[in-house]
Amino acid sequence: MKQLTKNIKAFMQDEEGLTVVEYVVGAALLVIALGVMFQNWGTILQGELADIFT
């Protein structure tokens with residue numbers, strides 16, 4: 001348990017750990033933005049195809 005606490009404290013003080021977290025947050029935001037964009041694009045495409053085939 002003492003070793004785990006020591007490792008957690010070392011991770012929190014490590015500045016490189018912060019940059020990794022920033023990259024993860026940035027990647028998550030990118031994935032969310034792409035998901036929203038493709039969802040909207042899919043809705044538009046579905047509407048256009050429905051107009052063509054109806």
In Å, rounded to the nearest 0.5 Å, how long is the span from CD of Q39 to CD1 of I44?
11.0 Å
Is there a path from L49 to W41 through hydrophobic residues (I, L, V, M, F, W, Y) whose side chains come within less than 4.5 Å of each other?
yes
T5 and side-chain contact (heavy atoms from CB on, under 4.5 Å): which partner among K9, K2, Q3?
K9
Shared hydrophobic cluster for V21 and I32 (ILVMFWY, side-chain gaps under 4.5 Å)
no
Going hydrophobic residue to hydrophobic residue with side-chain gaps under 4.5 angstrom, can you get from L29 over to M37?
no
